[in-house]
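One structure is given below, encoded as structure tokens.
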Protein chains: 2
Amino acid sequence: MICDEVVMSERQSPGGQSLLFLTDEQLRKGIEAMFFAYRGFTADPDRILNKYGYGRAHHRALHFISRAPGTTVNNLLSILGVTKQSLNRVLRTLIEDELVESRVGTRDKRERNLFLTENGTALEQELSDAQRERMRQAYREAGPEAVQGFRTVLEAMMDTDMQRHFTRMKESRHD
Amino acid sequence: MICDEVVMSERQSPGGQSLLFLTDEQLRKGIEAMFFAYRGFTADPDRILNKYGYGRAHHRALHFISRAPGTTVNNLLSILGVTKQSLNRVLRTLIEDELVESRVGTRDKRERNLFLTENGTALEQELSDAQRERMRQAYREAGPEAVQGFRTVLEAMMDTDMQRHFTRMKESRHD
DNA sequence: AGTTTTATGTCAGTGTTGTTGACTTTCCAA
DNA sequence: TTGGAAAGTCAACAACACTGACATAAAACT
């Protein structure tokens, strides 16, 4: 067992609230784990993207358009948390390369609704397959209780406004 | 409870091995959680670094020098996984600004041993305090079992060679 | 002793991705 | 009809990664 030295004191307070006592060392290990894991997490997609001459920003755009087809530029901006100039550069190449289609909004003609084309869907799949495989492998090694805990801690680590985005997408899922 | 919809089927195989059945949707949620959480994870240090005119690369250097005082440039390179030119640019400014001290190696005079100065230690503390506080808060919200699972999944998500670095540091801790 | 390899540092150029600021077009809504 | 929102563009800039070439000192090898 790899993690067996992470021993945390837990104490039951009178109110029934569970308290955690964490050493600096334990927290620093968590920080490093996050750093190394995120690198592993992006390594496979990065290799694929490089093959096609794209970067991580393209991946993010493809991912969230795939997740919410017809989403607007503004919505994408608030999810990705970048400036419109930064997003636009990425979006423009994706549209030029016919991976993304931008349709003028029906209700509000100022808006653009973004969709993946057939090629876009294919690339998104290739990227997603690689990343999901890494995630699946990690989940398998760690076991179901670990996965539950993993997700719980990650959600608590997000900024509050990002939790909102995360929650909103959860509600609109169809599985 | 935020995570209660993450329902995973678990089945006990004849050999006693536990199997996980994960939908694409569940894996994609994990991917997004990772993306949003990493942003939260780096948000606080980024603000502090910006204040002093440094970037994330400086933070990483300070962190790992702090963790392994006297480490060599080569060792830092293999941990950070960047080119020497990239690291050198960062290291040079840190040395110029007297946050890091570079001493010629005693055993092997080709090597440089890196240490934090008083000022370097102070900045590293400030960054670390912010990041640990975020981590502590997330751990508190999630509870002890979740923390255990979090660390387990993260380790499984790392590349194998990075697990080696991670493990080596674990063995040398003193708590 | 002479050669090779290793560790480090540097210069120059390039690419991705982010930023700010200024400006335009379109179009919804009060 | 006027104000503001959504989208897009141009220009300049910065952080941080990359490649490739080259220099120096010291260790290691033959």
Side-chain angles (χ1 to χ4, degrees), chain A residues 35 38-39 42-43 45-65 70-97 100-115, chain B residues 35 38-39 42-43 45-65 70-97 100-115:
Chain A
F35 169 68
Y38 197 77
R39 274 233 304 247
T42 54
D46 281 353
R47 266 187 292 275
I48 296 167
L49 288 159
N50 195 263
K51 208 171 57 175
Y52 296 101
Y54 294 122
R56 233 176 254 185
H58 299 89
H59 184 187
R60 292 198 279 266
L62 289 175
H63 174 92
F64 286 109
I65 294 172
T71 187
T72 63
V73 174
N74 240 8
N75 185 36
L76 212 48
L77 279 177
S78 78
I79 288 176
L80 295 174
V82 296
T83 58
K84 62 174 176 174
Q85 294 93 328
S86 200
L87 175 58
N88 198 257
R89 192 181 357 188
V90 166
L91 227 38
R92 189 164 37 196
T93 71
L94 290 175
I95 292 169
E96 278 170 6
D97 296 355
V100 167
E101 196 192 337
S102 167
R103 295 185 209 146
V104 173
T106 47
R107 203 193 48 207
D108 186 333
K109 289 180 193 163
R110 288 173 305 182
E111 294 181 342
R112 299 299 130 88
N113 296 117
L114 302 169
F115 300 88
Chain B
F35 169 67
Y38 196 76
R39 273 233 305 246
T42 53
D46 281 353
R47 265 188 293 273
I48 295 167
L49 289 159
N50 194 265
K51 207 171 57 174
Y52 295 101
Y54 295 121
R56 233 176 253 186
H58 300 88
H59 184 187
R60 291 197 281 266
L62 290 175
H63 175 93
F64 286 108
I65 294 172
T71 187
T72 64
V73 174
N74 244 5
N75 185 36
L76 212 48
L77 279 176
S78 79
I79 287 177
L80 295 174
V82 296
T83 59
K84 63 173 176 172
Q85 293 91 330
S86 201
L87 176 59
N88 198 257
R89 187 182 343 121
V90 166
L91 226 39
R92 189 165 37 195
T93 71
L94 290 175
I95 292 169
E96 278 170 7
D97 296 355
V100 168
E101 195 192 336
S102 168
R103 295 185 208 148
V104 174
T106 48
R107 204 192 49 209
D108 185 335
K109 288 180 194 164
R110 289 172 304 180
E111 294 181 343
R112 298 296 131 88
N113 296 118
L114 303 170
F115 300 89

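Here is the naming used below: chain letters follow the sequence lines, and residue numbers restart at 1 for every chain.
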Can you check the [X] [atom1] to [N] [atom2] distance for me, whole Å?
{"X": "Asn50(B)", "N": "dA14(D)", "atom1": "CG", "atom2": "P", "result": "13 Å"}
{"X": "Leu77(A)", "N": "dT19(C)", "atom1": "CG", "atom2": "P", "result": "10 Å"}
{"X": "Leu114(B)", "N": "dG9(C)", "atom1": "CG", "atom2": "C1'", "result": "13 Å"}
{"X": "Asp46(A)", "N": "dG15(C)", "atom1": "CG", "atom2": "P", "result": "18 Å"}
{"X": "Arg92(A)", "N": "dT17(C)", "atom1": "CZ", "atom2": "P", "result": "14 Å"}
{"X": "Tyr52(A)", "N": "dT16(C)", "atom1": "OH", "atom2": "P", "result": "17 Å"}
{"X": "Leu76(A)", "N": "dT17(C)", "atom1": "CG", "atom2": "P", "result": "14 Å"}
{"X": "Leu87(B)", "N": "dA15(D)", "atom1": "CG", "atom2": "P", "result": "17 Å"}

* To do: Assign each of Lys84(B) and Val82(A) to its nearest nucleotide of DNA chain C by heavy atoms, then name whichever residue's nucleotide is nearer the 5' end.
  =>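 Its nearest nucleotide being more 5', the pick is Lys84(B).
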
In terms of side-chain heavy atoms of [X], which of [options] is nearest?
{"X": "Arg56(B)", "options": "dG9(C), dT17(C), dC16(D)", "result": "dC16(D)"}
{"X": "Asn88(A)", "options": "dG8(D), dG18(C), dT8(C)", "result": "dG8(D)"}
{"X": "Asn74(B)", "options": "dT19(C), dA7(C), dG20(D)", "result": "dA7(C)"}

* Residue pair Lys84(A) / Leu77(A): nearest heavy atoms and the distance that separates them ->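 Looks like CA-CD2, 3.5 Å.
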
* Asked: Are Leu114(B) and Leu91(B) side-chain neighbours, meaning at least one heavy-atom pair lies under 4.5 Å?
  -> yes

* To do: Would you mind reporting whether Val104(B) and Arg112(B) have side-chain heavy atoms less than 4.5 Å apart?
  =>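 Yes. Closest side-chain heavy atoms under 4.5 Å.
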
Would you say [X] reaches [N]'s phosphate, i.e. side-chain N/O to OP1/OP2 under 4.0 Å?
{"X": "Ser86(A)", "N": "dT17(C)", "value": "no"}
{"X": "His58(A)", "N": "dT16(C)", "value": "no"}
{"X": "Arg60(B)", "N": "dA17(D)", "value": "yes"}

* Could you check Val73(A) against Leu76(A) for side chain to side chain contact (heavy atoms under 4.5 Å, CB included), going step by step and ending with a plain yes or no? => CA-CA 5 Å; Val73(A) 174; Leu76(A) 212 48; 5.6 Å; no

Considering only distance and modelled atom types, tabulate donor-acceptor pairs under 3.5 Å from the side chains of residues 51-63 of chain B, sequence neighbours left out.
{"from": "Lys51(B)", "atom 1": "NZ", "to": "Glu126(B)", "atom 2": "OE2", "distance (Å)": "2.9"}
{"from": "Tyr52(B)", "atom 1": "OH", "to": "Glu126(B)", "atom 2": "OE1", "distance (Å)": "2.8"}
{"from": "Tyr54(B)", "atom 1": "OH", "to": "Asp97(B)", "atom 2": "OD2", "distance (Å)": "2.4"}
{"from": "Arg56(B)", "atom 1": "NE", "to": "Asp46(B)", "atom 2": "OD1", "distance (Å)": "3.3"}
{"from": "Arg56(B)", "atom 1": "NE", "to": "Asp46(B)", "atom 2": "OD2", "distance (Å)": "3.3"}
{"from": "Arg56(B)", "atom 1": "NH2", "to": "Thr42(B)", "atom 2": "OG1", "distance (Å)": "3.3"}
{"from": "Arg56(B)", "atom 1": "NH2", "to": "Asp46(B)", "atom 2": "OD2", "distance (Å)": "2.7"}
{"from": "His58(B)", "atom 1": "ND1", "to": "Gly55(B)", "atom 2": "N", "distance (Å)": "2.9"}
{"from": "His58(B)", "atom 1": "NE2", "to": "Thr93(B)", "atom 2": "OG1", "distance (Å)": "3.3"}
{"from": "His63(B)", "atom 1": "NE2", "to": "Glu32(A)", "atom 2": "OE2", "distance (Å)": "2.6"}

* Give, for atom CZ of Phe64(A) and atom CG of Leu80(A), the distance between the pair rounded to the nearest 0.5 Å. =>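 One finds 6.0 Å between CZ of Phe64(A) and CG of Leu80(A).
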
* Which distance, rounded to the nearest 0.5 Å, do you find between the CD1 of Ile65(B) and the CD of Glu101(B)? ->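 If I round to the nearest 0.5 Å, the distance is 11.0 Å.
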
* Kindly say whether, by distance alone, the side chain of Gln85(B) makes a donor-acceptor pair under 3.5 Å with the base of dG13(C)? =>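 Absent.
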
* Between the base of dG18(C) and the side chain of Arg89(A), is there a donor-acceptor distance below 3.5 Å? -> yes

Grab the N/O contacts between the protein and nucleotides 27-30 of chain D below 3.5 Å, and write none if there aren't any.
{"from": "dA27(D)", "atom 1": "OP1", "to": "Lys109(B)", "atom 2": "N", "distance (Å)": "3.3"}

